[in-house]
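See structure below.
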Amino acid sequence: MKPSFYDLNYSDLEMLLKQNNLNSSAAAVLFNWHYKKKQSTQCYENIAKDSLIFFQDNFDFSLPEVDTVHESKDRTVKFLFKLKDGHKIETVLIPFHNKYSICLSSQVGCAMNCSFCFTGTQGLKRNLTASEMVGQFLQAWRWLAKNRSGEERVLNIVFMGQGEPLHNFDAVKKACEIFLAQHGTSIGVQKITISTAGYIPGLKRWSLEIPGVNLALSLHSPFTEKRNELIPINKKYPLDKVLSYIDKIPLNKKQFITYEYILIKDFNDSPEDARELGAILVGKSAYINLIPFNSFPGSYYKRPDLDKVEKFKEVLDTFKIPTLIRSAKGDDVLAACGQLNSKN
Ligand code: SAH
């Protein structure tokens, strides 16, 4: 099988052209064609014939196939993509003011086995390649251009779909490099967020190798026993180690860490939980996203009532940490956080 064109970052492409004695200016032309203009045909403008033939002969330009599309009442769109080996993954477009954020999957299934997450019940099947992540973006964009013409503006990328992105570091890094490349989609570095359950080996690489990309940590409980139950890798990479590691990372002015906190009824939603959460985050360059638990078929936990959620936020407000209650977009089509499962 031919390698995918969409696995090449800009410098890979330049090097490949040089090695094959082709004009290296084709790198900018190809990035512009496939990522800025997002054309689905072969590039035929401003490119020498020998370069064009080289790519046609040696590279695969196909993208993950759209299997099904679910549109939610709130205009969230959930895609089920079919990969070449038959595995399926999900991607979600989340609307805000006629623009979209895209929530990308980084693995087929996930190895983290978090007790509150639907994807975890699938286990890890395999890592996605960079081209499969870039492909989710391009296919979703093309769907918007066709079905919601004029609205094809995908301005934020979050690695919060299926999988643990820091557990598939090399491919996620390459996908980020492709998104950031100036001749391509040129997404601003502060518009990309990687969400992690706290996988320390990947965290170490994130700060050194993709500086500027935002980080979100799935925190969910400040208490060891509760966090162990929710996120089993907490036993190997405990929260205090993760937080002290994050604290040492120099952030640029526009950069901040988002701490995600799922609120589960009668489990981690008491004022005491909120106080302890505030105490461990106070003084940090932090935002808190409160995510009321989203149920899925067979889920054991429950979502707290709204007044409990609001009370939790009020306690955090006393610590002066900016906190947002995240509304569940797309939950009528199982597209909200933690509801992605592409087993069937
Ligand atoms: N593995 C990464 C990214 C995937 S999860 C991580 O753990 O961060 C993306 C976000 O969805 C995380 O904050 C996760 O905790 C949250 N999530 C998972 N299941 C959920 C559920 N059932 N209800 C609400 N949020 C959930």
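In listed order, ligands and their atoms are each counted from 1. Positions are given from 1 along the sequence.
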So which bit of Thr196 gets within less than 4.0 Å of ligand 1, heavy atoms only: side chain, backbone, both or neither? backbone
Ligand 1 versus Asn294, non-hydrogen atoms closer than 4.0 Å: side chain, backbone, both, neither? both
Do any N/O atoms on Glu164 end up under 3.5 angstrom from N/O atoms on ligand 1? yes
Can you confirm, on distance only, whether ligand 1 has an N/O atom lying under 3.5 Å from any N/O atom belonging to Phe116? yes
Looking at [Y] and [X], is there a salt bridge between them, counting it only when a charged N and a carboxylate O are closer than 4.0 Å?
X: Glu132; Y: Arg126; answer: yes
X: Lys2; Y: Asp57; answer: no
X: Lys226; Y: Asp273; answer: yes
X: Glu152; Y: Lys99; answer: no

Per-atom contacts of ligand 1 with [X], taking only distances under 4.0 Å to non-hydrogen atoms:
X: Ala197; result: 6 (C), 7 (O), 8 (O)
X: Gly163; result: 1 (N), 2 (C), 3 (C), 4 (C)
X: Ile262; result: 15 (O), 17 (N), 20 (C), 24 (C), 25 (N), 26 (C)

Does atom NZ of Lys82 have more than 12 heavy-atom neighbours from other groups under 6.0 Å away? no
Which one of Ser295, Ser106, Ser218 has a non-hydrogen atom at the shortest distance from atom 7 (O) of ligand 1? Ser218
Would you mind finding which of Arg303, Glu260, His220, Gln162 brings a heavy atom closest to atom 15 (O) of ligand 1? His220
Are Gly161 and ligand 1 in contact, using a heavy-atom cut-off of under 4.0 Å? yes
Verify whether the ring centers belonging to Tyr35 and His183 lie closer than 6.0 Å. no
Using the rule given for side-chain hydrogen bond (donor to acceptor under 3.5 Å, both in side chains), can you reason through Lys84 versus Ser62, listing the C-alpha separation, both sets of side-chain angles and the distance that settles it, and then say yes or no? CA-CA 10 Å; Lys84 287 211 177 69; Ser62 66; 3.0 Å; yes
